[in-house]
Enquirer: 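Okay, here's the structure, questions in a sec.
Order of the sequence lines sets the chain letters (A, B, ...), proteins ahead of strands, with each chain counted from 1.
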Protein chains: 2
Amino acid sequence: MRQPQQDRSRATRQRLLESAIEALAELGWAGSTVAVVAERAGVSRGAAQHHFPTREDLFAAAVEYVGDARRSWTREHSADLPSGPERTRAVVDLIVRLYTGPLFRAALHLWVAATSDEQLRASVVTLEAHLGREQHKLALELLGVDESVPGVRETVQATLDMARGLGLANLLTDDGKRRAGIIDRWAEILDATLNVRT
Amino acid sequence: MRQPQQDRSRATRQRLLESAIEALAELGWAGSTVAVVAERAGVSRGAAQHHFPTREDLFAAAVEYVGDARRSWTREHSADLPSGPERTRAVVDLIVRLYTGPLFRAALHLWVAATSDEQLRASVVTLEAHLGREQHKLALELLGVDESVPGVRETVQATLDMARGLGLANLLTDDGKRRAGIIDRWAEILDATLNVRT
DNA sequence: CACAAAACAAGCACGCGTGCTTGCTTTTGG
DNA sequence: CCAAAAGCAAGCACGCGTGCTTGTTTTGTG
């Protein structure tokens with residue numbers, strides 16, 4: 001891919017991608033028609049097809065895009081975290097919010113769609129492998145714990161998996177209050193389990 | 001619904017439902033065409049349509065069916081659990097297996113499909129509300145803990161949510177070894193956190 | 001200023017899944 | 001034993017989404 005001289009083209013492509021993940025989160029895989037995505041982006045179907053010849057191409061790019069978006073969201077929000085005793089709770093909350101936002105919804109639709117689409121599956125598993133490792137490292141860092149201590153690795157992974165599960169539970173019904181209690185409790189458990197911070 | 005005099009009809013309906021959730025787990029929502037389901041059940045499309053006039057009717061019934069199946073699966077497997085110190089680990093393993101089997105895969109496809117289908121959504125949320133409560137009560141019972149103790153409720157719910165998350169992670173890639181370590185660790189944490197058993 | 005290439009718009013044909021209709025077979029009840 | 005009803009098979013029409021082709025506008029360059 002060479003550098004597009006037209007900013008307009010870039011902007012259109014960008015909007016197409018944003019509309020794609022937006023539609024994915026709202027309407028699901030089957031509902032995210034190229035026509036729908038194009039309409040949301042404010043361009044014609046032909047224009048969308050110009051940028052992404054086939055539907056597969058569009059959503060393959062969308063996979064990358066949603067990965068980047070989740071990455072930057074995490075980076076953005078992990079900046080301002082308290083450092084006192086309530087840090088653990090804040091970190092858990094951040095992680096859970098990562099898995100309950102619209103980006104995760106889009107990613108979830110991508111996952112299940114990838115179940116029955118070989119092409120998509122390949123894109124998604126490689127992305128999720130990278131992303132998963134990154135999130136794990138970030139969680140270690142934010143919690144200020146050492147992975148070499150036995151049990152820590154599994155505990156952190158369990159935290160991430162629990163966050164995924166909470167996100168899943170939040171799919172159909174708003175789960176806010178139940179979630180808050182669980183986050184509180186889990187933060188307590190984490191502090192009691194791997195309290196090796198200064 | 002009156003009692004069907006023909007066993008044959010009942011059997012056909014049964015096979016239709018089983019094929020539906022089987023197709024759901026393997027091919028996903030969009031791939032589970034009524035033609036596909038009918039073919040898997042060994043009946044014609046018209047026969048399927050005779051039992052379930054519309055596709056919605058078929059999968060509405062499938063929602064009930066997968067709920068019953070998960071219920072009976074749990075009941076069936078919760079019978080033979082050890083009672084020694086390794087019971088906690090066995091219980092956690094059982095719960096996680098409930099969320100990693102084909103039944104959960106089918107349910108997951110149902111969930112995400114229900115995201116963009118109002119009819120289906122209604123069926124799924126009511127089912128999941130009941131089922132969730134049941135699983136929670138069962139988990140309390142199997143673990144032998146008292147919900148009135150503060151924190152216990154949240155901890156058990158966290159366990160269920162983590163199981164959901166593990167099931168989700170198991171969607172695209174086989175996750176067996178990683179899962180085993182997390183289950184071990186989780187059982188340790190549970191024992192340390194809510195050890196009120198004799 | 002002109003020309004070429006890219007971006008974009010609009011329309012068309014094909015495949016496919018659903019729902020309906022028609023005809024046949026088997027079972028149930030009088 | 002016969003008629004009515006239910007179970008079941010096969011075919012058809014409609015809607016819709018995708019991919020392709022053609023035509024128009026905009027952008028960058030000699």
Enquirer: Calculate the interatomic distance between B/Glu39 atom CD and C/dG17 atom P; express it in whole Å.
Expert: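 Roughly 11 Å, once rounded to whole Å.
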Enquirer: Just the rounded figure in Å: distance from C1' of D/dA6 to CZ of B/Arg13.
Expert: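 Those two atoms, CZ and C1', are 15 Å apart.
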Enquirer: May I have the distance from A/Phe59 (atom CZ) to D/dG17 (atom P), rounded to whole angstrom?
Expert: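 It works out to 13 Å between those atoms.
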Enquirer: Output the single nucleotide from D/dG19, D/dT18, C/dG19 whose closest atom is nearest the side chain of A/Thr54.
Expert: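 Comparing D/dG19, D/dT18, C/dG19 against the side chain of A/Thr54, the answer is D/dG19.
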Enquirer: State whether a side-chain donor-acceptor pair under 3.5 Å links A/Asp191 with A/Thr88.
Expert: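 Yes, side-chain donor-acceptor contact under 3.5 Å.
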Enquirer: Does the D/dG19 base have a donor-acceptor partner in the side chain of A/Arg45 within less than 3.5 Å?
Expert: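 Yes, a donor-acceptor pair under 3.5 Å.
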Enquirer: Between C/dA9, D/dA9, C/dG19, which nucleotide has the shortest distance from any of its atoms to the side chain of B/Val43?
Expert: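 The closest nucleotide is D/dA9.
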Enquirer: Looking at D/dA6, D/dC20, C/dA6, which one has an atom nearest to any side-chain atom of A/His50?
Expert: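 Closest of the options to the side chain of A/His50: C/dA6.
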Enquirer: Nearest whole Å is fine: how far is D/dT18 C1' from A/Asp57 CG?
Expert: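 It works out to 13 Å between those atoms.
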Enquirer: State whether B/Thr12 places a side-chain N or O below 4.0 Å from either non-bridging phosphate oxygen (OP1 or OP2) of D/dC8.
Expert: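 Answer is yes, contact under 4.0 Å.
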Enquirer: Is any NZ, NE, NH1 or NH2 atom of the basic residue among B/Glu128 and B/Arg70 found under 4.0 Å from an Asp or Glu carboxylate oxygen of the other?
Expert: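 Result for this pair is yes, salt bridge flagged.
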Enquirer: Whether the side chain of A/Gln49 and the base of C/dC8 hold a donor-acceptor pair under 3.5 Å is what I'd like checked.
Expert: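 Checked by distance alone, the answer is no.
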Enquirer: Rounded to the nearest Å, what distance is computed from the CG atom of residue A/Leu16 to the C1' atom of nucleotide C/dA9?
Expert: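 Rounding to the nearest Å, CG of A/Leu16 and C1' of C/dA9 are 14 Å apart.
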Enquirer: Atom CG of B/Leu58 to atom C1' of C/dG17: distance rounded to whole Å?
Expert: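 Distance check: B/Leu58 CG to C/dG17 C1' gives 14 Å.
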Enquirer: Any side-chain N or O of A/His51 below 4.0 angstrom from OP1/OP2 of C/dC8?
Expert: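 For C/dC8, OP1 or OP2 has a side-chain N or O of A/His51 closer than 4.0 Å.
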Enquirer: Check this for me: does any side-chain nitrogen of one of A/Glu18 and A/Arg15 sit under 4.0 Å from a carboxylate oxygen of the other?
Expert: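 Salt bridge between A/Glu18 and A/Arg15, a charged N being under 4.0 Å from a carboxylate O: no.
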Enquirer: From D/dG19, D/dA9, C/dG19, pick the nucleotide closest to the side chain of B/Ser44?
Expert: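 When the side chain of B/Ser44 is considered, D/dA9 is the closest of D/dG19, D/dA9, C/dG19.
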Enquirer: Please identify which of these residues, A/Val92, A/Leu98, A/Leu94, meets the side chain to side chain contact (heavy atoms under 4.5 Å, CB included) condition with A/Val96.
Expert: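 Of all the options given, the one that passes is A/Val92.
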Enquirer: In terms of relative ring orientation, are B/Trp186 and A/Trp186 parallel, tilted or perpendicular, with 30° and 60° separating the classes?
Expert: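 Rings of B/Trp186 and A/Trp186: parallel, as their planes differ by under 30°.
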Enquirer: Using atom CZ of B/Arg55 as one end and atom P of C/dG19 as the other, report the distance to the nearest whole Å.
Expert: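 So the two atoms are 8 Å apart, to the nearest Å.
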Enquirer: When the distance from CZ of B/Phe52 to P of D/dC8 is rounded to whole Å, what number comes out?
Expert: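 Answer to the nearest Å: 11 Å.
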